[in-house]
S.K.: 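Below you'll find the structure I mean.
First the proteins, then the strands, lettered A, B, ... as listed; each starts at 1.
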Amino acid sequence: MSLHLEYLNPEQLAAVTAPDEHALILAGAGSGKTRVLTTRIAWLVKSGRVAPSGILAVTFTNKAAREMLTRVSAMLPVNPRGLWIGTFHGLANRMLRMHHREVGLPATFTIVDSQDQLAAIKRLLKGMNVDEERFPARELMYFISGQKEEGVRPREVRITDEMTKGYADLYAAYEEQCQREGVVDFAELLLRCFELLSRNEILRDHYSQRFRHILVDEFQDTNRLQYRWLKLLAGRSSFIFAVGDDDQSIYRFRGANVGNMADFERDFNVRKVVRLEQNYRSHGNILDAANALISNNRNRLGKNLWTSAGQGEPLRVFEGESDNDEARWLVEEVQALVRDGTRLSHVGVLYRSNAQSRVLEHALFSHAIPYRVYGGQRFFERAEVKHALAYLRLVASPDDDNAFLRVVNFPTRGIGARTIEQVQDTARQNSLSLFKAAEGKAVVFKKLIEDLRAEVQGLPLPEVVEVTVARSGLIEHYKTEREGAERIQNLEELVNAATAFVQEERVPEEGEPADPLTAFLTHAALEAGEHQAGDGQDALQMMTVHSAKGLEFDVVFITGLEEGLFPHEQSITELDGLEEERRLAYVAITRARHRLYLSHAQTRMLHGQTRYNIPSRFLEEIPQALMKWLTPRFSKKRAFEPDFSRTKEAFPLKRQSRDIGGFRIGQNVMHSKFGPGVIVDAEGQGTDARVQVNFGNQGLKWLAVSVAKLQAA
DNA sequence: TACTTTGTCCTTTTT
DNA sequence: GGACAAAGTA
């Protein structure tokens with residue numbers, strides 16, 4: 001077992017063998033980031049700098065955590081279980097299970113996913129008779145998660161108006177409900193854990209003494225709370241090794257804060273910044289295109305990828321008359337690639353939004369080209385599986401109201417809306433769980449759950465699952481449904497998943513709940529399961545650009561490069577939204593090893609309407625010398641005359657829209673008081689001209705152009 | 001109470 | 001075009 005340090009380039013070696021101090025590794029796409037991280041861990045242990053138990057490695061996805069664990073195990077002759085390698089949420093969960101009393105949670109607390117969280121919020125709003133027009137459930141969920149991710153509890157919410165006051169009150173009510181039901185959402189896992197460490201000095205010292213080396217993957221994706229969590233955990237005596245790429249920060253919409261990289265450098269007085277710029281993945285032309293594109297972004301830490309491989313072939317660009325035409329062309333190209341010996345699984349088809357896959361799938365399907373679509377429904381998120389899990393949750397803890405409501409009348413057993421409302425009223429008045437409040441009502445269901453609990457008492461986990469599924473009546477129900485066969489299969493698969501879980505998870509990890517059912521439910525919530533049929537078969541790989549991050553393909557198609565789609569129209573009026581779209585395009589381009597196709601279509605069906613799109617600005621930001629047009633460049637001749645009568649507020653038209661006092665929609669501006677902003681809307685002319693500007697945290701403002709002294713930025 | 005029809009809204013996603 | 005929720009019908 002060797003670390004093979006001799007195969008590392010000088011920068012990689014410098015990172016791997018960095019001294020005991022904080023370090024920031026700017027790791028460009030394809031620069032061997034994972035290798036550096038895993039080798040660093042192995043090197044730390046082998047050189048005797050730290051015991052395996054002194055290492056904490058954090059990732060965002062279970063997949064990344066698994067890969068890290070596997071690769072480290074291959075380099076070290078130690079039981080990998082001693083290493084704390086996991087996702088932010090997984091590690092927080094571990095700590096909370098170990099110290100659940102200190103944070104005021106039951107030992108069997110349940111983790112709810114976003115779906116359940118939304119359901120809980122809807123239920124809350126209904127119960128409180130809140131006008132859902134004024135406070136939409138989804139908005140409230142974003143608000144709550146957003147606040148939690150900033151480390152803000154309800155009483156600390158900055159109240160600026162009636163609206164925020166309302167949101168803050170509902171946030172408080174939501175927290176009470178969760179506490180009463182013993183459930184914890186994703187953001188709560190982190191916040192609770194953060195509060196645990198910040199309040200309990202002894203515990204904090206214990207952990208920061210223990211974890212001398214903290215390694216963080218995808219640092220550009222951390223949110224404020226995760227940053228503060230790391231800071232707390234590091235204390236004064238530990239060293240943080242942060243690996244990230246600011247150019248690949250594409251998750252701002254869910255709270256990621258690229259600024260954490262610059263903050264880290266400053267707050268931790270980082271002296272060691274290593275840039276990994278040598279790319280081992282792509283040919284020169286592809287890298288040049290990526291570099292040129294991303295250089296249009298302003299707020300960068302700065303980095304330029306290079307390769308010792310040749311220039312390779314030019315990027316191939318295609319303009320379709322329509323989305324169907326684009327799909328037809330893609331099929332032909334793929335068929336040609338296959339004839340030339342390319343394996344389908346080495347070809348990635350990328351798009352900005354999921355809705356785009358349909359047309360492509362249709363074309364592929366009718367030409368019998370096997371494909372696999374990533375993303376979408378995961379195993380533990382399927383309705384039938386969630387139903388079965390709800391029964392299991394009630395077995396584990398009958399007071400789980402979310403689970404109760406999900407299955408009290410599913411399959412239908414004559415317990416209607418009115419009965420449920422009565423139970424909910426009783427529950428509210430007496431602060432009881434629905435299960436307890438259902439005394440004398442919903443008798444059939446109550447008895448079912450009670451019998452079930454008695455029956456599975458003491459059985460091994462797989463049998464608990466099997467019996468629960470059998471008694472739930474779900475299978476009989478799906479037998480009557482037309483497309484129920486697959487659902488029944490999934491229910492059977494759930495039993496298999498439980499069997500596999502028991503066999504694999506064997507040695508309980510530190511902090512793993514002793515009760516196997518709770519452990520299994522936690523596993524189901526934390527790991528949605530990338531489980532899909534048809535694995536292993538050679539198939540074309542289709543996915544959104546977001547889900548392509550971290551992957552690579554010999555050949556990549558980036559489709560739908562059109563204004564309004566990519567960059568997405570909604571990004572234009574978000575502060576720094578366009579830069580994030582450009583980073584997204586950068587991620588897409590850098591997935592390709594040898595060949596890259598870029599395509600756009602003149603017309604596209606979207607939301608049931610034909611849209612007339614102009615080519616993406618990103619196509620113009622790539623040097624023409626790197627590209628070979630398969631169709632005449634930006635053909636002036638349009639195959640169809642736009643029929644604007646059916647196009648409401650076509651985005652491209654808006655973009656080209658008129659000047660208002662020297663400004664236009666989508667333009668970045670600077671205001672002396674509110675700082676940077678982006679113009680969202682405009683009205684009036686001349687001295688009356690007004691523009692609406694999105695100032696991010698400062699809010700949305702209407703300003704008179706003649707008064708506001710806006711500067712183009 | 002349970003199933004069917006109509007109306008509204010549309011990114012990106014992991015935990 | 002499709003998911004989801006509210007309103008309508010047996």
Side-chain angles (χ1 to χ4, degrees), chain A residues 58-65 86-93 111-119 122 126 132-133 136-138 142 145 148-149 184-191 193 218 221-223 225-226 249-256 323 350-359 361-362 374-378 380-381 383 409-421 522-530 543-550 560 564-574 577 580-581 583-585 587-588 604-611 648 651:
Chain A
V58 199
T59 63
F60 274 86
T61 66
N62 291 299
K63 197 174 154 206
T87 63
F88 277 100
H89 295 86
L91 296 169
N93 172 60
I111 299 166
V112 292
D113 63 18
S114 332
Q115 233 180 83
D116 296 328
Q117 189 187 6
L118 188 63
K122 283 182 180 165
K126 272 229 172 67
E132 287 210 48
E133 294 272 276
R138 197 167 285 278
Y142 290 146
S145 301
K148 287 188 180 182
E149 278 159 8
V184 168
D185 61 45
F186 288 135
E188 184 72 23
L189 279 173
L190 284 164
L191 183 50
C193 189
E218 307 275 18
D221 287 338
T222 51
N223 62 35
L225 182 58
Q226 287 160 336
S249 163
I250 54 172
Y251 284 110
R252 209 184 44 151
F253 68 92
R254 66 173 204 225
D323 45 357
L350 311 185
Y351 34 80
R352 172 69 241 264
S353 63
N354 284 308
Q356 285 166 252
S357 77
R358 235 196 61 253
V359 176
E361 283 184 68
H362 180 76
Y374 283 76
Q377 277 268 323
R378 284 142 187 277
F380 287 114
E381 284 167 1
N409 197 32
F410 194 95
T412 49
R413 42 176 78 87
I415 302 170
R418 225 178 41 238
T419 315
I420 294 169
E421 260 170 49
T522 300
H523 167 79
L526 241 33
E527 196 161 347
E530 244 309 287
M543 65 198 80
T544 63
V545 181
H546 280 94
S547 21
K549 197 171 90 169
L565 202 65
F566 199 0
H568 198 277
E569 56 187 318
Q570 304 212 32
S571 71
I572 303 298
T573 52
E574 278 164 24
E580 176 127 333
E581 294 289 307
R583 290 193 291 268
L584 207 42
V587 168
R604 184 177 297 276
M605 274 294 265
L606 205 64
H607 311 323
Q609 276 177 326
T610 308
R611 306 244 315 205
K648 61 174 175 200
F651 168 78

S.K.: Check this one for me: any side-chain N or O of A/T544 less than 4.0 Å away from OP1 or OP2 of B/dT11?
M.R.: no
S.K.: With respect to the phosphate group of B/dT14, does any side-chain polar atom (N or O) of A/R378 fall under 4.0 Å of OP1 or OP2?
M.R.: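 Yes, A/R378 has a side-chain N/O under 4.0 Å of OP1/OP2 on B/dT14.
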S.K.: Using the closest heavy atom to pick a nucleotide of DNA chain B for each, name whichever of A/G414 or A/V545 lands nearer the 5' end.
M.R.: A/G414
S.K.: What do you reckon, do A/F60 and the base of B/dT14 stack, with centroid distance below 5.5 Å and planes below 30°?
M.R.: no
S.K.: Is there a donor and acceptor pair, one atom on the side chain of A/T412 and one on the base of B/dT1, closer than 3.5 Å?
M.R.: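 Answer is no: no donor-acceptor pair is held.
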S.K.: Can you tell me which nucleotide in B/dT15, C/dG1, B/dT11 comes closest to the side chain of A/S571?
M.R.: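 Nearest nucleotide to the side chain: B/dT11.
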S.K.: If we call it a pair only when both distances are under 3.5 Å in a Watson-Crick or G-U wobble match, what pairs with B/dT12?
M.R.: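 Paired with no nucleotide.
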S.K.: Quick one about A/S353 and A/Q356 (side-chain donor to acceptor, distance below 3.5 Å, no hydrogens or angles considered), yes or no?
M.R.: yes
S.K.: Does a side-chain N or O from A/N409 land closer than 4.0 Å to OP1 or OP2 of B/dT1, or not?
M.R.: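 Looking at the OP1 and OP2 atoms of B/dT1, neither is under 4.0 Å from any side-chain N or O of A/N409.
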S.K.: Taking all heavy atoms of A/N62 and all of A/L526, pick out the closest pair and write down the distance.
M.R.: ND2-O, 3.2 Å
S.K.: Among the nucleotides B/dT15, B/dC10, C/dA6, which one has an atom lying closest to any side-chain atom of A/H89?
M.R.: B/dT15
S.K.: Name the nucleic acid region contacted by A/T59, choosing base, sugar-phosphate or nothing; use a 4.0 angstrom heavy-atom cut-off, strictly under.
M.R.: nothing
S.K.: Once you round it to whole Å, what is the distance between C1' of B/dT1 and CD of A/E421?
M.R.: 13 Å
S.K.: For the pair A/R254 and A/D221, find out whether any cationic side-chain nitrogen is under 4.0 Å from an anionic carboxylate oxygen.
M.R.: no
S.K.: Checking all strands, does A/S547 fall into the base, sugar-phosphate, or nothing category for heavy-atom contacts under 4.0 angstrom?
M.R.: sugar-phosphate
S.K.: Could you tell me whether the phosphate oxygens of B/dT12, OP1 or OP2, come under 4.0 Å of any side-chain nitrogen or oxygen in A/N354?
M.R.: yes
S.K.: What contact category does A/F88 fall into here, base, sugar-phosphate, or nothing, at under 4.0 angstrom with non-hydrogen atoms?
M.R.: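 A/F88: no heavy atom of the nucleic acid under 4.0 Å.
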S.K.: Return the nearest nucleotide to the side chain of A/Y251; candidates are B/dT15, C/dA6, B/dT13.
M.R.: B/dT13
S.K.: Is it the case that B/dT12 (base atoms only) and A/R352 (side chain only) share a donor and an acceptor within less than 3.5 Å, ignoring hydrogens and angles?
M.R.: yes
S.K.: In terms of side-chain geometry, is the basic nitrogen of A/E132 or A/R138 positioned less than 4.0 Å from the acidic oxygen of its partner?
M.R.: no
S.K.: Rounding to a whole Å, what distance do you find between A/Q570:CD and B/dT13:C1'?
M.R.: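 After rounding, the gap between these two atoms is 15 Å.
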S.K.: Is there aromatic stacking of A/H568 on B/dT11 here, judged by a ring-centre distance under 5.5 Å and a plane angle under 30°?
M.R.: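 According to the criterion (under 5.5 Å, under 30°), yes, A/H568 stacks.
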S.K.: Using the P atom as the point on both nucleotides, what is the distance between C/dC4 and B/dT13, in whole Å?
M.R.: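 Taking atom P in both B/dT13 and C/dC4, they lie 16 Å apart.
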S.K.: Take the protein atom CG of A/D116 and the nucleotide atom C1' of B/dT15, then report the distance between them rounded to whole Å.
M.R.: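 Distance, rounded to whole Å: 13 Å.
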S.K.: Could you tell me the Watson-Crick or G-U partner of C/dA10, where both distances fall under 3.5 Å? Say none if there is no partner.
M.R.: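 Per the H-bond distance test, B/dT1.
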S.K.: Name the closest nucleotide to the A/F186 side chain, picking from B/dT12, B/dT15, B/dT13.
M.R.: B/dT15
S.K.: Using the side-chain heavy atoms of A/R418, tell me which of these nucleotides is nearest: B/dT13, B/dT1, B/dT11.
M.R.: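 Closest nucleotide among those given: B/dT1.
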S.K.: Would you classify A/K122 as touching base, sugar-phosphate or nothing, given that sugar-phosphate means primed atoms plus P, OP1 and OP2, and contacts are heavy atoms under 4.0 Å?
M.R.: sugar-phosphate
S.K.: With a 4.0 Å limit, can you tell me whether A/T61 has a side-chain N or O closer than that to the phosphate oxygens OP1/OP2 of B/dT13?
M.R.: no
S.K.: I'd like to know if A/E580 pairs up with A/R583 as an ion pair, taking the criterion as any Lys NZ or Arg NE/NH1/NH2 lying under 4.0 Å from an Asp or Glu carboxylate oxygen.
M.R.: yes
S.K.: Check whether any side-chain nitrogen or oxygen of A/N223 sits under 4.0 Å from OP1 or OP2 of B/dT15, and answer yes or no.
M.R.: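 So the side chain of A/N223 is outside the cut-off, no N or O lying under 4.0 Å from OP1 or OP2 of B/dT15.
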S.K.: Just confirming the chi classification of B/dT12, syn or anti, using 90° around 0 as the syn window.
M.R.: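 For B/dT12, whose glycosidic angle is more than 90° from 0, the conformation is anti.
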S.K.: On DNA chain B, compare the nucleotides closest to A/F253 and A/A525; which residue's is nearer the 5' end?
M.R.: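 Between the two, 5'-proximity favours A/F253.
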S.K.: Find the distance A/I250:CD1 to B/dT11:C1' and express it as a whole number of Å.
M.R.: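 Rounded to the whole Å, the gap is 12 Å.
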S.K.: Provide, to the nearest angstrom, the distance between the CZ atom belonging to A/R252 and the C1' atom belonging to B/dT14.
M.R.: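 Distance check: A/R252 CZ to B/dT14 C1' gives 18 Å.
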S.K.: For A/F60 together with A/H89, are the ring centres under 6.0 Å from each other?
M.R.: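 No, the ring of A/H89 stays outside the 6.0 Å limit from the ring of A/F60, centre to centre.
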S.K.: Rounded to whole Å, please give me the gap between CD in A/Q115 and C1' in B/dT13.
M.R.: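 Rounded to whole Å, this separation is 13 Å.
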S.K.: Choosing from B/dT13, C/dG1, C/dA6, which nucleotide comes nearest the side chain of A/K126?
M.R.: C/dA6
S.K.: What is the distance from CD of A/Q226 to C1' of B/dT15, rounded to the nearest Å?
M.R.: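 Going from CD in A/Q226 over to C1' in B/dT15 covers 9 Å.
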S.K.: In whole Å, I'd like the distance from the OH atom of A/Y142 to the P atom of B/dT13.
M.R.: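 My rounded result for the distance is 12 Å.
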S.K.: Considering every strand and a 4.0 Å limit on heavy-atom distances, what is the contact class for A/D221: base, sugar-phosphate, or nothing?
M.R.: nothing
S.K.: As a quick check of understanding, evaluate side chain to side chain contact (heavy atoms under 4.5 Å, CB included) for A/Q226 and A/E149, giving each step before the final call.
M.R.: CA-CA 8 Å; A/Q226 287 160 336; A/E149 278 159 8; over 6 Å; no
S.K.: Looking at A/G414, is its backbone amide N or carbonyl O close enough to the side chain of A/T412 to form a donor-acceptor pair, meaning the two atoms are under 3.5 Å apart?
M.R.: no
S.K.: What contact category does A/E581 fall into here, base, sugar-phosphate, or nothing, at under 4.0 angstrom with non-hydrogen atoms?
M.R.: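 Base contact.
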S.K.: Looking at every strand, decide which applies to A/E574 at a 4.0 Å heavy-atom threshold: base, sugar-phosphate, or nothing.
M.R.: base
S.K.: Taking only the side-chain heavy atoms of A/R254 (C-beta and beyond), determine which of B/dT13, B/dT1, B/dT11 contains the nearest atom.
M.R.: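 The listed nucleotide nearest to A/R254's side chain is B/dT13.
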